[in-house]
There are 2 protein chains.
Amino acid sequence: MTDVARAAGVSQSTVSRVFSLPDTVRADTRDRVLEAARRLEFTPNPAASALAQGRTGTLGLLVPNVVNPYYAEIIKVVQHRARTKNHTLVLADTGDDPEDGFALARTVARQTDGLLLAGPRMTDAMVGELARSGPVALIGADAPAADSVYAEPATGMRQVIRHLAALGHARIVYVDGTLTARDPASRQPVHDACEEFGVDLVEQLGPFDLTFDHGVAAADLLPTSGATAVIAHNEMVAHGVACGLARQGRSVPGDFSLVSVDDTFMARTIYPALTALHVPLDLMGARGVDLLLHRIEEPGGEVRHSPLPTSLVVRESTGRPGPVSGGV
Amino acid sequence: MTDVARAAGVSQSTVSRVFSLPDTVRADTRDRVLEAARRLEFTPNPAASALAQGRTGTLGLLVPNVVNPYYAEIIKVVQHRARTKNHTLVLADTGDDPEDGFALARTVARQTDGLLLAGPRMTDAMVGELARSGPVALIGADAPAADSVYAEPATGMRQVIRHLAALGHARIVYVDGTLTARDPASRQPVHDACEEFGVDLVEQLGPFDLTFDHGVAAADLLPTSGATAVIAHNEMVAHGVACGLARQGRSVPGDFSLVSVDDTFMARTIYPALTALHVPLDLMGARGVDLLLHRIEEPGGEVRHSPLPTSLVVRESTGRPGPVSGGV
DNA sequence: ATGAAAGCGCTAACAG
DNA sequence: CTGTTAGCGCTTTCAT
């Protein structure tokens, strides 16, 4: 930068201004500096500016599993949003362990301006501690201590159960996801919705890892349940359930109707295409970035929570209960 | 750090040593410092150390599409490997445009110690330019100017074609991927393998985007091709082809055998499970990180290329050609 | 083994 | 609008 300054015949601070506050420099000086910088192939050193400013221009994103399309889509949206706001993304895959996630979060927090936690597995207390030591926003989850954006759980479940009830299903099974440190309350909406529409929630299977294989395992438990419809906590599980049933020689939606509680490219892509509760991941990701950036600007502001509406996308995996179902 | 030094009754440089070169400090002094640090909740500022050392402890990873399971798995492996080597990951999603990718790469390169390009869409010249200005390693691609790790294309294709030939397929179609700036030579292995096993390469459809939808589109072109088997350049395309055929009322492998040229969780997860050319993504990712780290240590070393063996995983999507096939 | 001191490259008052 | 002057918090010789 000093070299550029000399080459352009200005002071080093002017060069700095050209790059960080271009408008505060007269146009012709700026051009001279830019020209010199180009000739010398100069670009500002981000580490130095990070140190001087106390800002890295970097956001941290933590997800439990990069390979899960749900998180992959969030990553994609977040990365793009961050980029349009001139930030880069530090990504970390935490796995399902709360402690690991917490430890990783602290590390990442140290080298970024703020933390985005997507589907965090940690407790509210952990989230609170992170939020106390730096800007934090939650994506797809809620906690009192941090800004958050998430899908409205109650209305989403209502949409699902209402759909199944309307088709004539009276007994359903809910295949739960990973039991994490945050989940205790997460099952309430299902119960409430079932009650509202007079549906019998036969059983909650699980917790299962949110994976295909565990969906297959869950499928084995279905035939004896007496249910005619299944709700899967996530797409990969739903998919596993579908395949598991197929291997038993049962069909979807002939023998069981199946609903997935998220909706990425997989839901419409597998066979049969899944009726799914669509969660607006693009909005969630973008909103998460905005919330975080806002908090970075105003660390003291009031905590904001942003529930987003879901929509039920009816595809091929749900139908009227078959004449023969339940039992074995 | 100064505070910790005072609290521990040592100089600030000793504190620094405790964190960066622990072995150069006597055990009891070290403990005293660590204790003081703990009490004051001190952690070293990465930005400052980055500036002083000229090292950020950060690796950049560029992928064309985060949502593609192929890249998602690479991201996951790379992140974990980087982490075990005490580096964090800056992730960027470039899309398919070479220029965008190149621009993003320059940005990311500036704030990391080195760049990992997975499935880069840019030209060898661009890769060369990046490699000249900083450490670069390629994952799943090859270029003279940079270290690289990739699947051996020739032997992989031989495995695929040989399998199809053995089943009795004499006419096949290859559904190509996105045409990028790097591709001109990528089709050679298919031709060679077809020749070797006396198979007729009826047509190369494409380029198609590497997406499900384009797979569906490709499927529409198959019935008139006279082929009995299809090779898809990637899993999502393969999946699209399978669904497209299903919509036409054709079956896999009954009417067409189908092989996918990569193999992530999707291949065994969809219906029918795909016969696929397995590429060792875990090795590729880890190797990529190692190559890059090595080059960061020794910027002058000789360029290393690391082809990895593939293996054909036979599942349900391939079989003998059906009695009625081709035509319409 | 530890301390003193000189930066790393940039930003940010503060003058002018 | 531009130059001067201090740092930002850590690493790293060079002494001791």
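Below, read A as the first sequence line, B as the second, and so on, with proteins coming before strands; counting in each chain starts at 1. Just so it is clear, the model here is predicted, and its values are computed rather than measured.
- There is no side-chain donor-acceptor pair under 3.5 Å between B:Thr56 and B:Gln111.
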(request) Spell out protein contact along nucleotides 8-16 of chain D as letters: B when the base is contacted, S when just the sugar-phosphate is, - when no protein heavy atom is under 4.0 Å; keep the 5' to 3' order. (result) BBBBBB---
Could you list the donor-acceptor pairs under 3.5 angstrom formed by side chains in residues 299-309 of chain B, with sequence neighbours left out?
residue	atom	partner	partner atom	Å
B:His305	ND1	B:Asp142	OD1	2.9
B:His305	ND1	B:Ser148	OG	2.7
B:Ser306	OG	B:Arg287	NH1	2.4

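- The shortest distance between the side-chain N/O atoms of B:Thr14 and the OP1/OP2 oxygens of C:dG3 is below 4.0 Å.
- Between B:Asp290 and B:Arg81 a salt bridge is recorded (basic side-chain N to carboxylate O distance below 4.0 Å).
- Comment: A:Glu35 does not engage A:Arg32 in a salt bridge, judged by the lack of any side-chain N to carboxylate O separation of less than 4.0 angstrom.
- As rounded to whole Å, 10 Å separates atom P of C:dA1 from atom CZ of B:Arg30.
- The separation between A:Asp23 atom CG and D:dT2 atom P is 13 Å, rounded to whole Å.
- Looking only at atom types and distance, the side chain of B:Arg17 has no donor-acceptor partner in the side chain of B:Thr24 under 3.5 Å away.
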